[in-house]
Amino acid sequence: MLSRRQFLLAAGATAATTLAGRSSAFAADVDPLLAGRPLVRYPEKTDLILLTARPPQLETPLSYFDRAITPNDAFFVRYHIFPIPTSVDLDQWRLEIKGHVDKPLSLSMDDLKKFPRASVTAVAQCSGNSRGRFAPRVLGGQWGDGAMGNAVWTGARLQDVLKAAGARSGALDVTFDGLDKPAFPTVPDFVKALDVQRIMNDPDVIVAYEMNGQRLPMLNGFPARLVVPGWYATYWVKNLSEITVLTDRFEKFWMKPGYRIPDTPCGCVEPGTAPKSTVPITRMTVRSFIAAPANGSRVAANQPVTLKGIAFDGGYGVREVQISDNLGATWSRATLGADHGRYSFREWSATWKPTGTGTTRLMVRAFNGIGESQGSEPLWNPAGYLRNVIEQITLVVA
Amino acid sequence: MRRFVPALALMLVATTAAVAGETVSITLPPESIALKAGPGMDQAQTACRMCHSLDYITTQPGGGAAQWQGVVTKMMKVYGAPISEPDVKLIEEYLATHYGPR
């Protein structure tokens, strides 16, 4: 069945025109959630959308998600506690590996760089990305959709580091602590844990000291951060300073009750209700976005428009991206860009030719390597995690 | 060609030293957000600012008295915010009045 507005599916069709419409740095004029949020420029950062100043939480404007790699200076920032480190001297900094190990280590940056270099291109996404769109609304950081980014991370494999320290048998959890410290002793320090088997079975979990070929920006974790591809960024501890091997489960505040989802197959519950039991949040759900043209743009009737965006999931890789211009009645396949690996943003593009005039909604959905996709109705949980409803933009055809 | 070799060697040494001794420092911008004027504003500012900037309040969805009571209770019980009993009431009322449903 042909839709009213026909898709031209050839990738990068040369007939595509540049949009003459608005291209505001962030679409606050059409996104009420972001209204009143200023663009701010923090150290080593370009203009980002301010969520909170202390601890800093900065959101990436959606316009950056028309490409696979997010620039370091545009990468989102999220801290939990304050003070955060604002000065790190590499002569002084050490990464301690301690606890249930044969040989505790105190690694300098030079020591860390002696481990074999490993690289992975992976999406860091806040568990609560898009929380501000939950209905009923939930408390917590009211993110739009920009608490995500994709970079090439380079560093030492965590399993190599743990082997060097000689994690002993009986090890169960490994905890990660950074240089950010609470203002008061009663505020729980931000410490996260991974199962030791999760680490030893996954060579892509790395202690990264490079991001897109550069040292990390301070606000993204200088001098080193944990990278846990496929899993939400809550585990990607920044400004890393201590790794501790434990013989029991670590269940302090930011693991329990923090960062948990309903123990149901969808990680969701009936909106407005409480889950019976919870589990730690782990793998990311499938998402896709249209970044260009910007939401609310004007386009010319009968002129082909190039739609661009990204899609990603929790590590099975994006298999297909589809576009609909008729509220999901029919879907057309977009063309996928270069494959940077199963943990990366996958760029996509499609050429769309508006034939009528008026307001048109465009929707995007993705499928991953095991057939998981996105729903037309949002799933709900009380913490505002895992959002992956089908996204849409509105274009004005004139 | 030969005379360039020592220069190159020196450059490499200098580069290594610069990396080994690297200090990265940043200065965070000041907080600029202000709360709406009203009874309890001073107490709310003092209590909340102990741990975080005030945009933590202004960006939350508008909620009624129950929401803000829950938030204040959480700040005290979970994070240990030291707020006196009279101030608790005042702050809850202030937040519900000025950052209520909208």
Side-chain angles (χ1 to χ4, degrees), chain A residues 33-34 36-38 40-45 50-58 79-93 108-110 113 131-132 134-143 182-188 215-219 222-223 239 253 257-258 384, chain B residues 12-13 15-36 45-83 92 95-96 99-102:
Chain A
L33 180 63
L34 300 181
R37 303 239 179 116
V40 291
R41 189 165 288 196
Y42 271 56
E44 306 179 311
K45 293 278 147 188
L50 179 68
L51 178 59
T52 64
R54 175 170 56 97
Q57 302 193 86
L58 311 172
Y79 280 94
H80 300 76
I81 55 175
F82 196 89
I84 62 168
T86 54
S87 184
V88 175
D89 176 354
L90 283 187
D91 281 344
Q92 304 295 318
W93 176 82
S108 68
M109 181 54 75
D110 285 347
K113 287 184 173 175
R131 179 185 287 119
F134 271 62
R137 297 286 294 268
V138 296
L139 294 172
Q142 300 298 304
W143 296 106
F184 291 99
T186 50
V187 175
R215 70 163 174 80
L216 305 178
M218 181 69 78
L219 294 173
F222 180 83
N239 316 107
F253 183 74
Chain B
L12 286 174
V13 168
T15 307
T16 308
V19 170
E22 189 180 3
T23 298
V24 175
S25 299
I26 62 168
T27 304
L28 295 173
E31 297 165 34
S32 56
I33 195 85
L35 291 183
K36 294 175 189 170
Q45 281 198 4
T46 304
C48 304
R49 264 187 176 161
M50 283 188 287
C51 285
H52 59 79
S53 51
L54 299 173
D55 33 29
Y56 267 77
I57 297 167
T58 59
T59 56
Q60 288 306 306
Q67 171 189 305
W68 287 114
Q69 275 172 21
V71 169
V72 174
T73 301
K74 181 181 178 184
M75 293 302 145
M76 296 174 70
K77 290 214 167 131
V78 177
Y79 301 107
I83 311 175
E92 286 172 356
L95 293 172
Y99 296 95
R102 45 179 186 245

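Residue numbers start from 1 in every chain, and the chains themselves are labelled A, B, ... in the order their sequence lines are given, proteins ahead of strands. Only this structure's heavy atoms are used, side chains among them; waters, hydrogens and symmetry mates stay out.
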Q) Can A:L50 and B:I33 be said to form a side-chain contact (heavy atoms from CB on, under 4.5 Å), step by step? A) CA-CA 11 Å; A:L50 179 68; B:I33 195 85; over 6 Å; no

Q.
Which one wins on heavy-atom pair count under 4.5 Å against chain B: A:L219, A:V88, A:V138?
A. A:V88

Q.
The test is side-chain contact (heavy atoms from CB on, under 4.5 Å); show your working for B:I26 and A:Y42 and say whether it passes.
A. CA-CA 9 Å; B:I26 62 168; A:Y42 271 56; over 6 Å; no

Quick one: closest heavy-atom pair of [X] and [Y], and the distance?
X	Y	result
B:D55	A:A53	OD2-N, 3.1 Å
B:C51	A:F82	O-CB, 4.4 Å
A:P43	B:T27	CG-O, 3.0 Å
A:P55	B:H52	CD-CB, 4.3 Å

Please check this pair: side chain of [X] against backbone of [Y], looking for a donor-acceptor N/O pair closer than 3.5 Å.
X	Y	value
A:R54	B:R49	yes
A:T186	B:Y79	yes
B:E22	A:D89	no

Q: Check each atom of B:S32 against the heavy atoms of chain A and say whether the ones under 4.5 Å are side chain, backbone, both or neither.
A: neither

Which bit of [X] comes within less than 4.5 Å of chain B, counting heavy atoms only: side chain, backbone, both or neither?
X	result
A:M109	neither
A:V40	neither
A:E44	side chain
A:Y79	backbone

Q.
Suppose a student defines contact as a heavy atom less than 4.5 Å from any heavy atom of chain A. Which residues in residues 63-74 of chain B would they list?
A.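 The stretch touches chain A at B:Q67, B:V71.
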
Q. Between atom OG1 of B:T59 and atom CG of A:L51, what is the distance when rounded to the nearest 0.5 Å?
A.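 If I round to the nearest 0.5 Å, the distance is 5.0 Å.
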
